[in-house]
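Scroll down for the structure; my scribbles are underneath it.
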Amino acid sequence: MSEHYDPQSIEQRWQQHWSDDGTYEVDNDDPRAPFYVLSMYPYPSGPAHMGHVRNYTMGDLLVRYRTMRGDGVLSPIGFDSFGLPAENAAIKTGTHPRINTDANVEALSASLRRIGAVYDWRREFRSHDPDYIRWTQWIFLKFYEAGLVYRGEAPVNWCPGCKTVLANEQVLPDGTCERSGDLVDRRDMEQWFYRITAYAQELLDGLDDLDWPEKVKIMQRHWIGRSEGVQFGLSIADGEGRPRTDTEPLAVYTTRPDTSFGITFAVMSPEHPRVDELTTDEQRPAIEAFRESVAGRSEIDRLSSTDSLDKRGVATGYRVVNPFNGQPMPLFLADYVLMTYGTGAIMAVPGEDQRDWDFAVAHGCDIVRTVQPPADFDGDAYTGEGPAINSGFLDGMEMVEAKAAAIDWLESRDLGQRTVNFRLRDWLLSRQRYWGCPIPIVYCDSCGEQPVPEADLPVGLPDDVEFMPTGQSPLTTHEGFLTATCPACGGSARRETDTMDTFVDSSWYFLRFADPWCDEAPFSAAAAERWLPVDQYIGGVEHAILHLMYARFFTKALSDLGVAPPGLREPFRRLFTQGMIRLGGTKMSKSKGNLVAPEGILDSQGADALRLAHLQVKPPQEDVDWEDFGIDGCSKFLNRVWRLGVPGGSLTAVVRSGERTDADDEIDRTTHRLVDRVTGEYDRWSYNTAVAGFMEFTNTLYRWVQSDEGPHADTLDAAVNALLLVMAPAAPHLCAELWERRNGGHVHTEPWPEADPGKLVDDLVTMVVQVNGKVRDRIEVPSDVEADVAEAMAIGSERIQEFLAGEVPRKVIVRPPALVNLVV
RNA sequence: GCCCGGGUGGCGGAAUUGGCAGACGCGGAGGAUUCAAAAUCCUCUGGCCGCAAGGUCGUGCGGGUUCAAGUCCCGCCCCGGGCACCA
């Protein structure tokens with residue numbers, strides 16, 4: 001075999017070995033402790049780019065590390081293979097999405113193998129596999145039976161670019177589509193929804209116990225947006241301003257009932273069902289015009305309006321009555337009040353809400369302060385805490401007390417009730433596209449909407465379709481697909497042509513991996529019990545809300561439906577979010593067209609060098625610029641390790657035998673420190689410093705090997721072997737090759753080395769001696785030096801005596817064996 | 001506006017609990033080897049003063065606590081990300 005380091009041949013050889021040997025295949029009855037490592041379900045867009053490499057390198061490191069620690073590691077892979085890009089490509093080129101997608105899956109799989117990432121490939125599947133479609137539909141039907149799926153007319157986000165509706169989460173803050181970047185507009189459409197809001201409280205509570213980045217948990221909490229308040233009615237006023245009893249009061253929701261005495265007007269959403277009823281003839285033309293101007297605009301567009309407030313609201317002519325003080329006040333319509341939150345109508349308290357203040361000024365409404373601001377307050381609305389004023393029976397109470405008192409007052413009179421509201425909305429899952437999982441529903445003229453019987457699953461996608469340039473789904477015109485039989489009456493029926501959002505596929509794939517062979521259910525409960533929750537989930541922070549929220553919802557619902565184990569309430573116990581790779585200042589992605597392909601580097605320097613560069617460049621959770629990568633340095637380092645470790649290499653040709661010396665003991669301790677250090681760093685994701693540790697250790701060995709005394713054969717042997725063991729998860733091919741040549745056998749099935757605690761500390765350490773906090777001398781001391789000895793040595797130092805200049809230290813701080821500080 | 005991160009040499013970064021700031025890598029300089037080069041190996045590499053020994057300043061800015069602050073506290077500035085009229 002060649003003497004010099006040749007990444008090409010050894011990488012190919014070992015990748016073949018891991019595959020043939022089944023090193024990383026794990027059975028469901030494996031006797032080792034189960035540990036589930038999962039990188040986020042990749043969308044197959046073609047060969048891997050650098051972002052993939054970073055993600056999958058980190059996951060692979062963990063898989064190999066945990067395996068050496070003795071765990072039976074489940075490391076599956078599959079592909080999120082439904083989605084718009086394949087369908088858009090089909091529209092352009094006429095190639096069926098399945099052909100393109102499968103080719104892309106093959107390309108991505110090959111890339112993953114080439115960077116040395118290892119998986120139990122027996123468990124691989126793709127979202128568009130008929131088997132996977134079958135179970136995705138089966139779950140839909142289970143949810144349908146349980147009332148977690150419903151169809152409803154709703155204002156939806158329509159993306160003209162994607163020719164489909166989007167879930168709220170898929171619309172960016174600036175009102176554009178997260179996928180195509182097109183401006184989203186609003187339409188009323190009949191759509192399918194998952195009732196995720198049924199789990200709002202549990203989704204919120206469950207976050208507390210998850211070992212996730214705090215940042216992600218905060219984002220989810222905010223998205224769920226729980227608020228506590230009270231819902232009550234504002235009576236409609238008659239001509240004299242007295243409450244009418246012949247019509248329902250207008251329901252409003254507030255989190256600040258303590259300020260109720262300061263209500264000076266009320267506002268309804270333009271789409272509130274009672275607008276017609278509560279508009280005077282005089283105001284009707286203005287109201288109609290206003291509603292029309294709002295109708296076509298998306299919610300986000302409305303809420304981000306920069307129009308002045310006088311243009312954003314209009315009076316209905318009606319008045320409502322504040323139940324607390326009997327005061328009548330005007331009722332408006334305004335675009336910023338949403339029908340989808342709370343009751344679709346609000347009470348306005350300009351004294352304690354800045355937006356209400358601005359609206360009151362624009363429309364000439366009264367402003368009453370009901371919370372006493374501090375003396376130095378000089379703003380408009382005061383939103384802080386303080387004693388209630390101008391508030392009748394609430395006067396003098398602090399906010400918390402006043403809230404409770406106001407709610408009690410309403411409840412005791414049967415005027416209102418305590419209410420919890422969530423910002424989270426139901427998950428709109430229908431998409432008007434072809435390349436997705438069909439929704440298993442048929443429509444019968446006589447029986448109406450009917451679920452497809454379980455035995456008839458999967459409802460597959462027809463292959464003989466033609467993609468129209470308009471982007472309209474070919475399912476809507478495919479007679480063979482459309483034609484169905486009603487399962488209830490046997491009559492003719494028409495099939496649902498919407499397919500599911502691809503986030504549905506990625507909401508349960510991690511469960512299927514536990515048991516992808518299961519034929520009676522999406523997975524067996526026993527397998528789920530064994531592997532789930534995922535011990536370590538790895539992916540991009542860009543999925544902090546969408547995917548992670550949906551997957552949590554599915555897990556909870558499946559658990560409640562008895563499909564998943566009852567105790568399985570969360571899918572991902574630990575989450576790590578790695579940073580993205582930027583090039584030229586923007587995120588590296590296919591849509592931005594600024595990808596760097598790894599092939600060139602794999603050809604020239606090899607997978608190990610590329611992996612090491614990804615690990616070394618920056619802390620894994622941080623974003624990184626491609627310009628900062630140091631592939632050459634890593635490649636150079638691997639060559640150094642090779643020359644040090646390869647048997648018969650010139651570097652280690654001269655070694656001592658016989659007696660061990662102090663130098664051997666020192667190297668031995670350094671070796672144990674390396675093992676201890678790297679173990680801790682792997683455990684806390686400090687991969688960049690772990691690589692620094694390899695390099696530092698290698699530098700130390702080089703200096704030693706080239707020193708006059710030279711290394712003792714046994715010490716050097718142990719040191720290099722330890723290096724190969726701890727580096728094996730990071731640079732698997734090189735370590736496997738050198739290990740086999742040196743020791744025979746396979747480094748990745750060796751047990752993880754353990755550091756001897758007794759060998760972590762040197763006998764002699766350098767103690768710093770400071771005078772007034774400044775380092776003035778360094779003294780070698782025994783590592784177990786006593787405080788008084790250390791102090792005596794410090795004061796005894798000649799250099800220190802010079803700095804003391806005869807003065808006696810006023811105070812002496814001794815921290816043996818690290819430091820002595822003399823204060824004069 | 002609110003909520004998270006972050007600001008350390010020419011660059012990426014390191015520094016478990018307050019205890020030698022700048023590990024490791026890149027870049028740069030010098031040397032060894034070589035006919036020469038590549039590769040490799042060694043040394044040096046925060047600023048300023050100094051021939052040197054050494055001194056002195058230095059972790060975004062301004063204060064503070066402490067024997068001791070990159071690290072803790074108070075007040076600012078800047079950068080990145082998330083949310084954004086949610087009643």
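Lettering of chains follows the sequences in order, A, B, ..., and the numbering in each one begins at 1.
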How about A:Arg815 and A:Asn821: does a side-chain donor come under 3.5 Å of a side-chain acceptor?
no
Could you tell me if the side chain of A:His272 sits less than 4.5 Å from the side chain of A:Thr343, heavy atoms only?
no
Does A:Arg423 have a side-chain nitrogen or oxygen under 4.0 Å from the phosphate oxygens OP1 or OP2 of B:rA84?
yes
Take atom P in B:rG18 and the same atom in B:rC57, then report the distance between them in whole Å.
25 Å
Suppose you measure atom C1' in B:rC77 against the same atom in B:rC61; what distance do you get, rounded to whole Å?
7 Å
Atom pair CG/CG of A:Leu638 and A:Asp608 - distance to nearest 0.5 Å
6.0 Å
Sorted by chain and number, sequence neighbours left out, side chain to side chain donor-acceptor pair (under 3.5 Å) with A:Arg369 holds for none
Under 4.0 angstrom between A:Arg776 side-chain N/O and B:rU56 OP1 or OP2:
yes
So which protein nitrogen or oxygen atoms get under 3.5 Å of nucleotides 66-68 of chain B's nitrogens or oxygens?
from   : atom 1 : to       : atom 2 : distance (Å)
B:rC67 : OP1    : A:Lys811 : NZ     : 3.0
B:rC67 : O2'    : A:Asn821 : ND2    : 3.3
B:rC67 : O2     : A:Asn821 : ND2    : 2.6

Pick the P atom in B:rC26 and in B:rU40, then give their distance to the nearest Å.
10 Å
Select base, sugar-phosphate, or nothing to describe what A:Lys217 touches, counting heavy atoms under 4.0 Å on all strands.
nothing
Polar side chain donor-acceptor pair, A:Glu228 to A:Asn421, under 3.5 angstrom
no
Is the phosphate of B:rA87, meaning OP1 or OP2, less than 4.0 Å from a side-chain N or O of A:Tyr341?
yes
Quick one: side-chain contact (heavy atoms from CB on, under 4.5 Å) partners of A:Met329, sequence neighbours excluded?
A:Leu234, A:Ile263, A:Val320, A:Asn322
Round to the nearest Å and state the distance from A:Asp623 atom CG to B:rG12 atom C1'.
14 Å
Suppose we screen for side chain to side chain donor-acceptor pair (under 3.5 Å). Which residues come up paired with A:Glu780, at least two apart in sequence or across chains?
A:Thr766
Can you tell me if A:Glu352 and A:Thr370 form a side-chain donor-acceptor pair at under 3.5 Å?
yes
Which part of the nucleic acid, if any, lies within contact of A:Arg677, taking any heavy atom under 4.0 Å across all strands shown: a base, the sugar-phosphate backbone alone, or nothing?
nothing
How would you list, by chain and number, every residue that makes a side chain to side chain donor-acceptor pair (under 3.5 Å) with A:Thr670, sequence neighbours excluded?
none
Interatomic distance at C1', B:rG9 relative to B:rA21, whole Å:
11 Å
Sequence neighbours excluded, which residues qualify as side chain to side chain donor-acceptor pair (under 3.5 Å) partners of A:Gln231?
none
Assign each of A:Gly630 and A:Arg684 to its nearest nucleotide of RNA chain B by heavy atoms, then name whichever residue's nucleotide is nearer the 5' end.
A:Arg684
To the nearest angstrom, how far is A:Leu612 atom CG from B:rC24 atom P?
16 Å
Approximate separation, where rounding is to 0.5 Å, of A:Gln220 CD and A:Leu207 CG
5.5 Å
Indicate, with a heavy-atom threshold strictly under 4.0 Å, whether A:Gly633 touches base, sugar-phosphate, or nothing.
sugar-phosphate
Contacts of A:Asp788 that satisfy salt bridge (charged side-chain N to carboxylate O under 4.0 Å, His left out) - sequence neighbours left out
none
Both distances under 3.5 Å, Watson-Crick or G-U wobble: on that basis, could you give the dot-bracket string for RNA chain B, with [ ] for crossing pairs and | for other-strand partners?
(((((((..(((......[....)))((((((.......))))))((((....))))..(((((..]....))))))))))))....
Listed pairs, N/O of protein and of nucleotides 40-44 of chain B, under 3.5 Å:
from   : atom 1 : to       : atom 2 : distance (Å)
B:rU40 : O3'    : A:Arg643 : NH2    : 2.9
B:rC41 : OP1    : A:Arg640 : NH1    : 2.6
B:rC41 : OP1    : A:Arg643 : NH2    : 3.0
B:rC41 : O3'    : A:Gln706 : OE1    : 3.3

Give A:Phe803 one of three labels, base, sugar-phosphate or nothing, depending on what nucleic acid heavy atoms sit under 4.0 Å from its own.
sugar-phosphate
In whole Å, measure the gap between the P atoms of B:rG5 and B:rG55 for me.
40 Å
Roughly, in whole Å, what's the span from CE in A:Met695 to C1' in B:rG12?
12 Å
Could you label the plane-to-plane angle of the A:Tyr682 and A:Phe694 rings as parallel, tilted or perpendicular, counting under 30° as parallel and over 60° as perpendicular?
perpendicular
As a test of the definition: with a 90° window around 0 for syn, would you call B:rG81 syn or anti?
anti
Excluding sequence neighbours, so at least two apart, what forms salt bridge (charged side-chain N to carboxylate O under 4.0 Å, His left out) with A:Arg776?
none
Hey, are A:Thr197 and A:Asp426 close enough side-chain-wise for a donor-acceptor pair under 3.5 Å?
yes
Between N or O atoms, less than 3.5 Å apart, protein on one side and nucleotides 2-11 of chain B on the other: list the pairs.
none

Any residue in residues 685-694 of chain A with a heavy atom nearer than 4.0 angstrom to RNA chain B? Just list them by number, or reply none.
A:Asn688, A:Thr689, A:Ala692
